Amino acid sequence: MASASRAPAKPPQVLVLDPPTDLKFKGPFTAVVTAHLKLRNPSARKVCFKVKSTSPRRYCVRPNSGVIEPGSTVTVAAMLQPSCCGPSREVKHKFMVQTVFAPPDTSDLEAVWRAANPGELMDSKLRCVFEAPTESDKLEEGLRLRKAAHLDKPGPSSCTPLKLDCTTPLPVVLLVIGAVFFGFFLGKFVL
């Protein structure tokens with residue numbers, strides 16, 4: 001005997017997601033790693049979207065919600081925050097893209113989501129895939145870090161010309177200051 005209290009089936013996702021099932025994050029994981037997700041609205045109606053994560057402290061998502069016009073595409077950046085050892089392959093992080101057709105007034109998205117009928121909500125789930133960096137990626141990262149360290153700490157030969165060009169002898173500075181004051185006081189007495 002079938003139960004009469006069966007929940008209605010969710011409507012299929014109206015947006016076309018690219019990639020459709022997996023978000024790939026490629027290491028090294030010592031810096032922010034970004035994966036992009038394109039949301040395309042092929043329908044003739046506006047669609048409100050919201051992107052959620054099972055691990056919100058590890059990811060920054062921009063934009064994490066919004067409205068997509070008919071025929072338009074929005075690119076969402078999911079940024080994995082840096083960690084010393086990176087995520088293990090067993091980590092089961094996921095993202096969910098939740099959507100609903102937009103009502104006539106979409107000025108307050110929070111109100112739209114509060115008023116949304118659960119039977120009208122559409123969602124898609126994406127798995128997070130973590131790829132270890134290749135050897136060439138590791139070498140490239142090492143060169144980038146060394147170059148950045150070198151630029152932060154210039155050698156003595158590169159700062160010597162700057163000192164000579166930027167310093168002015170003290171008597172010249174005093175002469176200029178004296179001329180300014182003299183001109184100021186002379187102007188006061190003349191007027």
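Just the heavy atoms: all of them, side chains too, but no hydrogens, waters or symmetry mates, feed the values below. Count residues from 1 along the sequence. Here the structure is a predicted model, which is why all the values come from computation and not from measurement.
- When all heavy atoms are compared, the tightest approach of Pro11 to Leu121 is CD-O, 3.5 Å.
- A single hydrophobic cluster is not seen to contain both Val16 and Met96; linkage of ILVMFWY side chains at heavy-atom distances under 4.5 Å, directly or through other members, places them apart.
- Asp105 contributes a side-chain N or O that, together with a main-chain N or O of Ser107, makes up a donor-acceptor pair within less than 3.5 Å.
- Think of Val32 as one node in a network of Ile, Leu, Val, Met, Phe, Trp and Tyr side chains linked at under 4.5 Å; its network also takes in Met79.
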Carefully, step by step, assess Leu109 and Cys48 under the rule side-chain contact (heavy atoms from CB on, under 4.5 Å). CA-CA 8 Å; Leu109 280 178; Cys48 295; 3.8 Å; yes

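- Take Arg57 and apply the side-chain contact (heavy atoms from CB on, under 4.5 Å) test, not counting sequence neighbours, and it matches no residue.
- For Thr73 against Ile68, the heavy-atom pair with the smallest separation is N-CG2, 4.5 Å.
- Closest approach of Pro19 to His36, counting heavy atoms only: CD-O, 3.7 Å.
- Taken from CZ in Phe101 to OG in Ser43, the straight-line distance is 5.0 Å, to the nearest 0.5 Å.
- Atom NZ of Lys94 and atom NZ of Lys52 lie 15.5 Å apart (nearest 0.5 Å).
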Please lay out, stage by stage, how Leu39 and Leu17 fare under the test side-chain contact (heavy atoms from CB on, under 4.5 Å). CA-CA 5 Å; Leu39 307 175; Leu17 280 62; 3.8 Å; yes

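- Put simply, CD on Glu69 and NZ on Lys46 are 4.5 Å apart, with the number rounded to the nearest 0.5 Å.
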Applying side-chain contact (heavy atoms from CB on, under 4.5 Å) to Asp108 and Arg114, what does each step give before you reach the verdict? CA-CA 10 Å; Asp108 183 6; Arg114 279 193 301 274; 4.2 Å; yes

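- Minimum interatomic distance between Thr34 and Ala77 (heavy atoms only, all atoms of both residues): CG2-CB, 3.9 Å.
- Taking the six-membered ring where tryptophan is involved, the planes of Tyr59 and Phe95 are perpendicular, since the angle between them exceeds 60° and thus also 30°.
- Every side-chain contact (heavy atoms from CB on, under 4.5 Å) that Thr99 has, sequence neighbours left out, goes to Gln13, Val14, Leu15, Val47, Phe49, Val97, Met122.
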When you look at Leu80 and Phe130, which way does the side-chain contact (heavy atoms from CB on, under 4.5 Å) test go after all the steps? CA-CA 10 Å; Leu80 174 63; Phe130 305 102; 3.9 Å; yes

Evaluate the criterion salt bridge (charged side-chain N to carboxylate O under 4.0 Å, His left out) for residue pair Arg40 and Asp18; output intermediate values, then yes/no. CA-CA 8 Å; Arg40 185 172 57 87; Asp18 180 25; over 6 Å; no

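- The heavy-atom pair separating Arg45 from Pro70 by the smallest distance is C-CG, 3.7 Å.
- To the nearest 0.5 Å, the span separating CD on Gln98 from OG on Ser124 amounts to 10.5 Å.
- The two residues Ser53 and Ser55 make their nearest non-hydrogen contact at OG-N, 2.9 Å.
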